[in-house]
Amino acid sequence: MINAQDINEKTPWQDLTPGGEIYEAGTARAFNTGVWRTNTPVFHAQACKHCMLCVPFCPDSAIPVKDGKRLDFNYMHCKGCGICENVCPFPAITMVTGGVPHD
Amino acid sequence: MSKIYNLKREVEKPPRLTGGHRLCAGCGAGVVVSGVLRALNQEDRAVVVNATSCLEVSTFMYPYTAYMDSFIHSAFENSAATCSGVEAAYNALKRRGKVDGTVKFITFAGDGGTYDIGFQSLSGAMERGHDMVYVCYDNEAYMNTGIQRSSSTPLFARTTTTPVGSAGQGKKQNKKDLTEILVAHNIPYVAQTAPLGNFKDLHTKSHKAIYTEGPCFLNILSPCPRGWDYPMAQLAQITKLAVDTCVWPLYEVEEGIWRLSYIPKKKLPVEEFMRPQGRFRHMFQKGNEWMIEEVQKQVDQRWESLLEKTGA
Amino acid sequence: MIKQLSGNEAVAYALKQLNPDVMGAFPITPSTEIPEYFAQYVADGQVNTEFVTVESEHSSMSVCIAAQAAGARTVCATSSCGLALMYELLYVAASCRLPITLVCVNRALSGPININNDHSDSMGARDSGWIQIYAENNQEAYDNVIMAMPIGETPWVRLPVMTCMDGFITSHAVENMQLLDSDVVKRFVGEYKPENYLLKKENPLAVGPYDISAYYMEHKVLQAEAMKAAKARILEVAAEFERISGRSYGLLEEYRMEDAELALVLIGSTAGTAKAAVDRLREKGVKAGLVKIRVFRPFPGQELAKALAGTRAVAVMDKSEGFSANGGPLFSETCSALYDCKERPYLINIVYGLGGRDVTTGDIEKLFGRLANIAETGDIGSVYTHMGQRSREEIA
């Protein structure tokens, strides 16, 4: 079975999957959309009440949650839309200019 | 259904739509899709179907699938038939002992793929009674091809095929009321929702649709920052205004019983929803007050009629 | 078992013996009887197929694509405009490499609307990536359906198969035919065991990506190679089928071609008429023969060139009008097949039988007369002509 990680734009036709099928879950996770960012959300853990309102509003599933705690952004996927900052009722998220998280 | 909605518990589930997809920053579709899929019981498998759309080309660009579940895309106009085919296979293979366990079937299509080109396929699948959920993420135009009007585009909205000029003032026709057309199919469950607040409305309706036997339909407002021309960070504000102006009422029809899900404490004038959006900008020019009045009149009429149907 | 069945009933009977997982069903003349017969099998509990009565042929093919991807063996039947409505999905089915079986009961395409036979429907779909197998008669229609799945489902082929028969002429005419025992059919076809499918528990499957230019070409090459590989597999399956049925099939059938100088190349039920004409001419000492193309996709180019090698003049008979102004689809395939031959016969193209226009042994004998004249004089006249239409010249 051919794995997505072995497929790239140099792969010969013999080694691609017929019909363009993929046999694994969530292979898009390996794709970096973080480089799209022009603005970046910064997480202030001390101000976060873990109300979780930001999580379902993230279009890129870039806010991980573990054991009832909202963790720091997954910057590989965050595109910097700023929706999270808008829905956060606390001063726990601020947007900074530029594509890098901490300036 | 018995479990009371708890956002904290729900977001603890691993997302079934992963990051790394190529939807625009701030796109409502990603929010809608992950919201619907979150309503699946964690232990259940699903097959996700897409119509050709922004969503499809962004979430399964070879070799990158953003779905944790099995996925199929076939064409633009046939996502309902496609979903019904997967369901038919499930029934056949289950009968023959070749598959087991609970598998749910969920289709996502945009308004173009639902209100317009996929309408026949949708109507057919609903009438045949397949055990599936059809989700329209309604962003009110053909966004994948660059913002062309659909039969879901609201009155007077500017799109690239309903431009504003000296002789044209945006779309001349009304938005089709697809949700009510689906109600007329006499299927077990039809609902209208939007990504809002703590997602209780979207979540409970999605869960109900997924776990009600038979064909169910969800129409979910899905703001498009590019097509609607508003700042992408304001997704939550825009949907809230759509709901509080009654432009996009939240309601459900379960086994023929109409229920209003939300009555705004203070019903806001439509212009509150329209002003932040570039697609309605021309309506705020001097001399075009009649356009806003016309929209307000229609929204009021539909709201009154909905109040009557729901007995609210 | 010898039975008297129409082509449609024979095909429906084959489908019953195959007991597919899912069938998409939508009526269109002349294929309607197939889902009708099958619906009765479902109602009588003789099959346990999920019978999906869709609202269009478009959805019929959509259901088959999705169900096949989900791990089911799927079938459907259609004709004419129904096949045309499926057009986009035919490409999807083939490019997703889903071995669906479709029975095409050939009928003219609109417009004007016409319900009778010609090959314009399936010929329009000839480049969609489907294997196409054409039947001459009811027996072949039945046999081809039974061979379809073992061909298409082969892992290195994985292509959908369209088995075609002539509308009314074959689909509605009742003939004596040999039916196989259901157990024999079931053993022959076996279980459908795709390596990956949507409902597989062990790993998910994603089907139908957006393919950027960095991958699309490679995927098309994979698909083209599969179609090339199908040729050998079709012959392999035919050999296996001969063992259970005693009936032998190739990519094409040569009839009295051993020493033939004048020959026809054609497809479908006309072969029956033409064989009778060839026999009559042979009695008169004319060295006539014919080649019936059974498999049109993959096209047996080399085999056809070999079959025509010793001939002096050949008429290619197209039962569809391609409007290329340069001849029909079978003609262009035959031309390119012969191009590399050292000694090529004179070649003409006859477009005939459109929308159910009859063709008789007399017409065929006349055509051989024209070929004899061409062979003798070397004067081809018009390369591409129609046959069977009324015209001023004929009446005068």
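Just so we're on the same page: letters track the sequence lines, and every chain starts at 1. Computed from a predicted model, the values in this text were never measured in an experiment.
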Less than 4.5 Å to any heavy atom of chain B: does that hold for the side chain of [X], its backbone, both, or neither?
X: A:N32; answer: neither
X: A:L16; answer: both
X: A:T27; answer: both
X: A:D67; answer: both

Let me know if [X] has heavy atoms under 4.5 Å from chain A in its side chain, its backbone, both or neither.
X: B:Q237; answer: side chain
X: B:Y67; answer: backbone
X: B:R38; answer: side chain
X: B:P195; answer: both
X: B:F60; answer: side chain
X: B:L196; answer: backbone

**Asked** Can you find a heavy atom in the side chain of B:H21 that is under 4.5 Å from one in the side chain of A:K79?
**Response** yes
**Message:** Checking an interface table here. Which of residues 48-60 of chain A come within a heavy-atom distance under 4.5 Å of chain B?
**Reply:** A:H50, A:C51, A:M52, A:L53, A:V55, A:P56, A:F57, A:C58, A:P59, A:D60
**Fill in**
On a heavy-atom basis, the closest approach of B:M68 and A:A25 is O-CB, 3.4 Å
**Partner chain A: residue of B:V33, B:V32, B:L23 with the largest heavy-atom pair count (under 4.5 Å)** =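 Most pairs with chain A among the choices: B:L23.
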**Request:** Return the option, out of A:N8, A:V87, A:T17, with the maximum number of heavy-atom pairs under 4.5 Å with chain B.
**Result:** A:T17
